[in-house]
Amino acid sequence: MPEERDDHERGEHAKDNQFRRARLEKLEGLHELGIDAYPHRFTRNAMAAEIDARHATLAPGEVTEDHVAVAGRIRANRNNGMFIDLHDASGKIQIFSHKDFLAAEQLPLLRLLDLGDIIGVEGIVRRTPRGELTVNAQRITVLSKALLPLPEKFHGLADIETRYRQRYLDLIMNDESRATLRKRSQVIAAFRRYLAARDYLEVETPMLHTIAGGASAKPFVTHHNALDMDLYLRIAPELHLKRLIVGGLSDRVFEINRCFRNEGLSPRHNPEFTSLELYEAFADFTDMMDLAENLVRYAAMAACGTTAVSYGGTTIDLASPWPRRSMASLVEEKTGIDFLAIETAAAAVEMAQGLGADLKPGASWGHALEAAFAHTVEAGLIQPTHVTDFPRDISPLAKSHRNGDPRLVERFETYVNGWEIANAFSELTDPRDQLARFEAQMEERERGDDEAQMLDADFVTALEYGLPPTGGLGIGIDRLVMLLTDSPSIRDVIAFPTMRRKG
RNA sequence: GAGCCCGUAGCUCAGUCGGUAGAGCACUUGACUUUUAAUCAAGGUGUCGUGGGUUCGAUUCCCACCGGGCUCACCA
């Protein structure tokens, strides 16, 4: 296995085929013309879209005096190179290469260009009689000779595995893939803008944890050699962010970064995923509901220009106030069963199992309610809904509910399209309660639940120095971007999704 | 982890009820020259995912493996 990896890393993957050989011969031809096929830089003064905007009203057949220098990839070639479609990051511009305009010594170069080559072109802008905005090339500069052919131009790259493994090809070929990843960037930029404007401080907390806390999930384990110590890739930044609130670094902090969970892959799960987590002192979970709605609306406007987004043919309305429904009431509405009226865990488990939920024997009341919710309600929450009032025993970091029911905490998850996209609490600030919750988690762990949370004694110590009342919110950025880009798989919104090593 | 489906040319895909394969684009050569998936003519595309088995013969049937997709499980 290591030898196979070496082969791959040495770059012996390139196919030695007719296409590559033909291009290597052309590369040789460029050398013979004294041309460096991989120069160091090129000064351009215009992007395709700019030129397009600048000459939007130019009539067919008209020639301008606009001398431009553009650069991009050759994506189409008509009439033996006379017409080239040059694509840059902004769009497309046609290049007209004709001996009437092109420097004479450059004519041999035309025969050595291929689809996929990156070139710079200097010349005058005109609109052809057929109406296509065009640069009459006076000088062409090879900026990077492509040795491998691009996928077919009409159907593009369809093979989903290649699209994920060789994302560069997907991005060259598929407009939608570029649009999706650009929107992802816009969503994240919008979050930063929105939060920065409200005095949130962006911080960075460790990726390498000695205790994988802040969520219930299986961690990745790695090893630090010098310290001879195992470390976990973080499953959540939560406990460190709250330590920063304890310290008063800021009353409002946020972090946008990766979390890692060593669990199954699915169209909605990637082992590394990106979350926004934020904490606001003196706020509670109802403040977090408002904030979640405002953040998502703001990001949708920034990325899509609308708060009415279409996913899989369904229109999702992000604009209207999002209903706030307690988990138990949603289950009761769906099943007629009021879990709040069920006293014992055993009875609740039996009831949940009767609804078809899969529960381990000995599961708690809270696990039973949550299982009943997941089995009967979750998938039907298409329009945004805040599901509130979670069970205490599945929420070890959330504060007890002020409504007085000791089984509940002040926590909500926001569901859209049947997916959890946000999770928030009135943060648990009572150190003795926190310790008790951790101890309960450790007991679950000892009973075999390897996703129960680990006890973080230093975090309890931090709470003992005093955490102000605090609201916390996490938003799953990948799923939100899926929603905003109508993407069927989380892999569509992650540039380089986790893939098995190809045998 | 389980079930179902998929893997054929650089790409998009056909196909072989078992006799080692085809189209379009791309590529090469030529023609044409203000094109728009340019057009026309000619030409070669290939471990049919990998390894075994059955068979006179396997890309095709069987088994295992590799990779991928979906569903379920897991994943608040």
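In the text below, chain A, chain B and the rest are named by the order of the sequence lines, each starting its count at 1.
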Trainee: Taking atom C1' in both B:rA26 and B:rU12, compute the distance separating them and give it to the nearest angstrom.
Mentor: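 Those two atoms are separated by 11 Å.
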Trainee: Using atom C1' of each nucleotide, how far apart are B:rU50 and B:rU8 to the nearest Å?
Mentor: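 About 15 Å, rounded to a whole number of Å.
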Trainee: Taking only the side-chain nitrogens and oxygens of A:R165, find out if one of them lies under 4.0 Å from OP1 or OP2 of B:rG68.
Mentor: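 Yes, within the criterion.
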Trainee: Taking atom C1' of B:rG10 as reference, at what distance in whole Å does atom CG of A:D114 sit?
Mentor: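 Atom CG in A:D114 sits about 13 Å away from atom C1' in B:rG10.
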Trainee: May I have the distance from A:L150 (atom CG) to B:rA37 (atom C1'), rounded to whole angstrom?
Mentor: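 In whole Å, B:rA37 C1' lies 15 Å from A:L150 CG.
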Trainee: If each of A:P151 and A:T134 is mapped to the nucleotide of RNA chain B with the nearest heavy atom, which maps nearer the 5' terminus, i.e. the 5' end?
Mentor: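 Its nearest nucleotide being more 5', the pick is A:P151.
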Trainee: In whole Å, what is the span from the CZ atom of A:R163 to the C1' atom of B:rG69?
Mentor: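 Answer to the nearest Å: 13 Å.
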Trainee: In whole angstrom, give me the gap between the P atoms of B:rG57 and B:rU20.
Mentor: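 To the nearest whole Å, 14 Å.
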Trainee: Within the 4.0 Å heavy-atom criterion, would you say A:I394 contacts the bases, only the backbone, or no part of the nucleic acid?
Mentor: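 Base contact.
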Trainee: Taking the nucleotide of RNA chain B with the nearest heavy atom to each, does A:N423 or A:F154 sit closer to the 5' end?
Mentor: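 Per heavy-atom nearest nucleotide, the more 5' residue is A:F154.
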Trainee: Mind calculating the distance between CD (A:Q18) and C1' (B:rC25) to the nearest angstrom?
Mentor: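 After rounding, the gap between these two atoms is 13 Å.
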Trainee: Is the ring centre of A:F19 under 5.5 Å from the base ring centre of B:rG10, and are the two planes under 30° apart, so that they stack?
Mentor: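 Whether judged by distance or by angle, A:F19 falls short somewhere, so it does not stack on the base of B:rG10.
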Trainee: Does the distance from a Lys or Arg side-chain N to an Asp or Glu carboxylate O, for A:R402 and A:D284, drop under 4.0 Å?
Mentor: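 Yes.
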Trainee: Looking at A:E132 and A:R127, is there a salt bridge between them, counting it only when a charged N and a carboxylate O are closer than 4.0 Å?
Mentor: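 Salt bridge absent between A:R127 and A:E132.
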Trainee: Over how many whole Å does the gap from A:M173 atom CE to B:rA37 atom C1' extend?
Mentor: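 Between C1' of B:rA37 and CE of A:M173: 11 Å.
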Trainee: Expressed in angstrom and rounded to an integer, what is the separation of A:N79 atom CG from B:rU36 atom P?
Mentor: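 Roughly 8 Å, once rounded to whole Å.
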Trainee: Mind checking if A:F96 touches a base, just sugar-phosphate, or nothing, with heavy atoms under 4.0 Å?
Mentor: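 Since a base atom lies under 4.0 Å of A:F96, the category is base.
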Trainee: According to the Watson-Crick and G-U wobble definitions, with both distances under 3.5 Å, which nucleotide is paired to B:rU39?
Mentor: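 Result: B:rA31.
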Trainee: Pick base, sugar-phosphate or nothing for A:K26, based on heavy-atom distances below 4.0 Å to the nucleic acid.
Mentor: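 Sugar-phosphate contact only - A:K26 comes under 4.0 Å of backbone atoms but never of a base.
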Trainee: What integer number of Å spans the P atoms of B:rA14 and B:rA9?
Mentor: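 Those two atoms are separated by 12 Å.
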Trainee: Measure CZ/A:R78 against C1'/B:rU34 and give the value in whole Å, please.
Mentor: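 Atom-to-atom, A:R78 to B:rU34, this comes out as 10 Å.
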Trainee: Distance check needed: B:rC27 C1' versus A:L115 CG, whole Å only.
Mentor: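 So the two atoms are 10 Å apart, to the nearest Å.
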Trainee: Tell me if the centroids of the rings in A:F412 and A:W322 come within less than 6.0 Å of each other.
Mentor: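 No - the distance between ring centres of A:F412 and A:W322 does not fall below the 6.0 Å cut-off.
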Trainee: Could you please name the partner base of B:rC70, counting Watson-Crick and G-U wobble pairs only when both distances are under 3.5 Å?
Mentor: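 Pair assignment: B:rC70 / B:rG3.
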Trainee: If the cut-off is 4.0 Å, is A:R500 near the phosphate of B:rC66, judged by side-chain N/O to OP1 or OP2?
Mentor: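 No.
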Trainee: Under 3.5 Å for both donor-acceptor distances, Watson-Crick or wobble: does B:rA64 have a partner, and if so which one?
Mentor: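 Result: B:rU50.
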Trainee: What integer number of Å spans the C1' atoms of B:rG24 and B:rG15?
Mentor: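 It works out to 15 Å between them.
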Trainee: Counting any heavy atom closer than 4.0 Å, what does A:D358 reach on the DNA or RNA strands: base, sugar-phosphate only, or nothing?
Mentor: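 Sugar-phosphate only.
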Trainee: Could you work out the separation of B:rU59 and B:rA73 based on their C1' atoms and round it to a whole Å?
Mentor: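 Nearest-Å result for B:rU59 against B:rA73 at atom C1': 35 Å.
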Trainee: Looking at A:R491, I'd like to know whether one of its side-chain N or O atoms comes within less than 4.0 Å of OP1 or OP2 on B:rG69.
Mentor: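 So the side-chain polar atoms of A:R491 do come within 4.0 Å of the phosphate oxygens OP1 or OP2 of B:rG69, strictly under.
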Trainee: Can you find an N or O donor on one side and an acceptor on the other, under 3.5 Å apart, linking the side chain of A:R411 with the base of B:rA76?
Mentor: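 For A:R411, whose side chain was compared with the base of B:rA76, there is a donor-acceptor pair (under 3.5 Å).
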Trainee: If you check the A:H155 side chain, which of B:rU12, B:rG30, B:rC70 turns out closest?
Mentor: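 Nearest to the side chain of A:H155 among the choices is B:rU12.
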Trainee: Run the ring-centre check on A:Y279 versus A:F425 and record whether the distance is less than 6.0 Å.
Mentor: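 Here the rings of A:F425 and A:Y279 have centres that are no less than 6.0 Å from each other.
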Trainee: Does the side chain of A:R258 pick up a donor-acceptor pair with the side chain of A:S275 at under 3.5 Å?
Mentor: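 Side-chain D/A pair, A:R258 to A:S275: absent.
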Trainee: Under 4.0 Å between any heavy atoms, over every strand shown, what does A:Q94 touch: base, sugar-phosphate, or nothing? Just pick one.
Mentor: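 If one applies the 4.0 Å heavy-atom cut-off, A:Q94 turns out to touch a base.
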Trainee: Quick check on the 6.0 Å ring-centre criterion: do A:Y232 and A:F220 meet it?
Mentor: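 No, the ring centres sit 6.0 Å or more apart.
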Trainee: Nearest of B:rC32, B:rC11, B:rU33 to any side-chain atom of A:N80?
Mentor: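 Of B:rC32, B:rC11, B:rU33, B:rC32 is nearest to the side chain of A:N80.
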Trainee: Nearest to the side chain of A:S216 - B:rU36, B:rA76, B:rU28?
Mentor: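 Looking only at heavy atoms from C-beta outward on A:S216, the closest nucleotide is B:rA76.
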Trainee: Under 4.0 angstrom, heavy atoms only, what part of the nucleic acid is A:E152 near: base, sugar-phosphate, or nothing?
Mentor: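 The answer is base, as A:E152 lies within the cut-off (heavy atoms under 4.0 Å) of a base atom.
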Trainee: Answer yes or no: side-chain N or O of A:E161 and base N or O of B:rG67 forming a donor-acceptor pair under 3.5 Å.
Mentor: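 It does not, because no donor-acceptor pair links the side chain of A:E161 to the base of B:rG67 below 3.5 Å.
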Trainee: Please give the distance between the P atoms of B:rG7 and B:rC48 as a whole number of Å.
Mentor: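 Each nucleotide's P atom is 14 Å from the other's.
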Trainee: Should A:K153 be listed as having a side-chain N or O under 4.0 Å from OP1 or OP2 of B:rA38?
Mentor: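 Yes, A:K153 has a side-chain N/O under 4.0 Å of OP1/OP2 on B:rA38.
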Trainee: Look at all strands and tell whether A:E25 reaches a base, only sugar-phosphate, or nothing, counting heavy atoms closer than 4.0 Å.
Mentor: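 A:E25: no heavy atom of the nucleic acid under 4.0 Å.
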Trainee: Write down the distance separating the C1' atoms in B:rC5 and B:rA23, rounded off to the nearest Å.
Mentor: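 The answer is 25 Å between these two C1' atoms.
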Trainee: Is any side-chain heavy atom of A:Q453 less than 4.5 Å from a side-chain heavy atom of A:R437?
Mentor: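 No, side chains not in contact.
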Trainee: Give A:D159 one of three labels, base, sugar-phosphate or nothing, depending on what nucleic acid heavy atoms sit under 4.0 Å from its own.
Mentor: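 If one applies the 4.0 Å heavy-atom cut-off, A:D159 turns out to touch the sugar-phosphate alone, with no base involved.
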Trainee: Can you tell me which residue pairs pass the salt bridge (Lys or Arg N to Asp or Glu O under 4.0 Å) test with a partner in residues 71-83 of chain A, sequence neighbours excluded?
Mentor: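 Passing the test, one end in residues 71-83 of chain A: A:R78-A:D85.
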